[in-house]
Peer 1: 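Here's a structure for you.
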Amino acid sequence: MISFFLSMSKKSVSVVVPVYNEERDIPRTIPILYKYLSENFKNYDWRLVIGDNGPSKDNTPGVSKKLVKKYKHLEYICIPRPARGNALKEIWLKDRADALVYMDVDLSSDLSYLPQLVNALFDGYDIAIGSRLKKGAKVYGRTLLREIMSRGYNILIKTFFWTSFCDAQCGFKGIRREAAKKLLPYVLDKAWFFDSELLILADKSGHKIREVPIVWRDDPASTVKVAKTAWGDLKGLWRMWWDRPWRKIKNDERSSH
Ligand SMILES: Nc1nc2c(ncn2[C@@H]2O[C@H](COP(=O)(O)OP(=O)(O)O)[C@@H](O)[C@H]2O)c(=O)[nH]1
Ligand SMILES: [Mg+2]
């Protein structure tokens, strides 16, 4: 009975790892992440989700389901529609945890920053993001091309939208459930611009964003097609600058009161 009430009062955290064709990384990194959560998230009611699309063309479903059998708090969810943004959006919209977090399967972001991210969400921030560009961050192994592109892209966002955050693209973010339910329906991008769109919308509509400088070890085995993604990002920025979609959020907010 007591344990029932204790579990009722525990705050809940859901950690999603978006994956596509990751049969090699999943058996290596998911057990590490699971062990970290088991040891450090005892005060939370937590779950870990492998979020696939399609499904993947390799044996991602097979290796994931094998791990799900072994680990009690692990789930495998496959969204039929393609692309990473779709996976996060659909999983998060159905997720009932208080804090929703995602991180890349290669564990490029140091796990020791996970509690800071989650604490920020329980301390009143709507969104908490890992940052490789904020003072205090340490980045290892990034190619010069990606470093320059990342810095240039983030300067562009600041110049055109006057936003407060420095790193829109780090694969390590969290959002409070209420903020997710409110903001995600307005996020249109299905792929890599998803993160930037969510952050710009949140910032411009008055949500609180906490940026945590992290340690990042770049994994050279990237699934990102740099030119295609950069073009998608530029198109996304242009669309948002033209449409100013955060005005719709504010209008909808006013008319619902
Ligand atoms: N669900 C889903 N995840 C994806 C997709 N494409 C990439 N990912 C995942 O997104 C994360 C980041 O990808 P990664 O290649 O490490 O990107 P990089 O670190 O920016 O080079 C990894 O966990 C990938 O498996 C996709 O289409 N769907
Ligand atoms: Mg990576």
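No experiment lies behind these values; they were computed from the predicted model shown. Atoms within each ligand, like the ligands themselves, are counted from 1 in listed order.
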Peer 1: For A83, is the nearest heavy atom under 4.0 Å from an atom of ligand 1?
Peer 2: yes
Peer 1: Indicate yes or no: does an N/O atom of D52 lie under 3.5 Å from an N/O atom of ligand 1?
Peer 2: no
Peer 1: For T60 and D52, which I'm curious about, is there any donor-acceptor pair between the side chains at under 3.5 Å?
Peer 2: no
Peer 1: Students should be able to answer this: which protein heavy-atom is nearest to atom 2 (C) of ligand 1, and at what distance?
Peer 2: N53 OD1, 3.0 Å
Peer 1: Checking the N or O distance criterion of under 3.5 Å, is ligand 1 in contact with W192?
Peer 2: no
Peer 1: Are K11 and F122 in a cation-pi contact, defined as NZ or CZ under 6.0 Å from the six-membered ring centre and within 45° of the axis?
Peer 2: yes
Peer 1: With no hydrogens and no angle check, is any side-chain donor or acceptor of T29 less than 3.5 Å from a backbone partner on V105?
Peer 2: yes
Peer 1: Among protein heavy atoms, which lies nearest atom 16 (O) of ligand 1, and at what distance?
Peer 2: D106 OD2, 2.9 Å
Peer 1: Just by distance, with hydrogens left out, do S205 and Y186 show a side-chain donor and acceptor under 3.5 Å apart?
Peer 2: no
Peer 1: Could you check whether K173 makes a cation-pi contact with Y102, meaning its NZ or CZ is under 6.0 Å from the centre of the six-membered ring and within 45° of the ring axis?
Peer 2: no
Peer 1: With salt bridge (charged side-chain N to carboxylate O under 4.0 Å, His left out) as the criterion, how do K208 and D126 come out once you've worked through the C-alpha distance, each side chain's angles and the decisive distance to 0.1 Å?
Peer 2: CA-CA 5 Å; K208 280 175 77 183; D126 296 299; over 6 Å; no
Peer 1: When only distance counts, is P18 in polar contact with ligand 1, meaning an N/O pair under 3.5 Å?
Peer 2: yes
Peer 1: Let me see the working for D218 and S108 under side-chain hydrogen bond (donor to acceptor under 3.5 Å, both in side chains), right down to the final yes or no.
Peer 2: CA-CA 6 Å; D218 214 67; S108 287; 5.2 Å; no
Peer 1: With heavy atoms only and a cut-off of under 4.0 Å, state how T223 meets ligand 1: side chain, backbone, both or neither.
Peer 2: both
Peer 1: State the atoms of ligand 1, each with its element, that fall below the 4.0 Å cut-off from a heavy-atom position in R146.
Peer 2: 18 (P), 20 (O), 21 (O)
Peer 1: Is a side-chain donor or acceptor of D110 paired with a backbone partner of S112 at a separation under 3.5 angstrom?
Peer 2: yes
Peer 1: Any idea which protein heavy atom is nearest atom 10 (O) of ligand 1, and the distance to it?
Peer 2: R84 CD, 3.5 Å
Peer 1: Tabulate below the donor-acceptor pairs under 3.5 Å that side-chain atoms of residues 221-232 make, not counting sequence neighbours, or state none.
Peer 2:
unit_1: S222; atom_1: OG; unit_2: R146; atom_2: NH1; d: 3.2
unit_1: S222; atom_1: OG; unit_2: V224; atom_2: N; d: 3.0
unit_1: T229; atom_1: OG1; unit_2: K225; atom_2: O; d: 2.7

Peer 1: Should you measure from each heavy atom of V224, which atoms of ligand 1 turn up under 4.0 Å away?
Peer 2: 17 (O), 18 (P), 20 (O), 21 (O)
Peer 1: Note the single closest protein heavy atom to atom 5 (C) of ligand 1, along with its residue, its atom name and the distance in Å.
Peer 2: Y20 CB, 3.4 Å
Peer 1: Sorted by chain and residue number, which protein N/O/S atoms are under 2.8 Å from the Mg ion (ligand 2)?
Peer 2: D106 OD2
Peer 1: Has the side chain of E211 got a donor or acceptor atom that lies under 3.5 Å from a matching backbone atom of C166?
Peer 2: yes
Peer 1: Does the ring of W241 carry R244 above it, NZ/CZ under 6.0 angstrom from centre and within 45° of its axis?
Peer 2: yes
Peer 1: Are any of the N/O atoms in W216 less than 3.5 Å from those in ligand 1?
Peer 2: no
Peer 1: What do we get for M103 next to ligand 1 when only non-hydrogen atoms under 4.0 Å count, side chain, backbone, both or neither?
Peer 2: neither
Peer 1: Under 4.0 Å from a heavy atom of E22: give me the atoms of ligand 1 that qualify, with their elements.
Peer 2: 22 (C), 24 (C), 25 (O)
Peer 1: What orientation do W92 and F194 show, parallel under 30°, tilted 30 to 60°, or perpendicular over 60°?
Peer 2: tilted
Peer 1: Check whether any heavy atom of P82 sits under 4.0 Å from an atom of ligand 1.
Peer 2: no
Peer 1: Polar contacts were defined as any N/O atom of the residue lying under 3.5 Å from an N/O atom of the ligand; does this apply to A87 and ligand 1?
Peer 2: no
Peer 1: Going by the order shown, which atoms of ligand 1 are within less than 4.0 Å of some heavy atom of D104?
Peer 2: 11 (C), 12 (C), 19 (O), 23 (O)
Peer 1: Once the angle between the rings of H73 and W46 is folded into 0 to 90°, is it parallel (under 30°), tilted (30 to 60°) or perpendicular (over 60°)?
Peer 2: tilted
Peer 1: What are the atoms of ligand 1, with element, lying closer than 4.0 Å to any heavy atom of S222?
Peer 2: 15 (O), 18 (P), 21 (O)
Peer 1: For salt bridge (charged side-chain N to carboxylate O under 4.0 Å, His left out), just list the numbers for K182 and D252, CA-CA rounded to whole Å, side-chain angles, deciding distance to a tenth of an Å, and then say yes or no.
Peer 2: CA-CA 10 Å; K182 190 168 136 196; D252 291 352; over 6 Å; no
Peer 1: Tell me if a side-chain donor or acceptor on E197 pairs with a main-chain N or O of D189 at a distance below 3.5 Å.
Peer 2: yes
Peer 1: So is V19 polar-close to ligand 1, meaning N/O to N/O under 3.5 Å?
Peer 2: yes
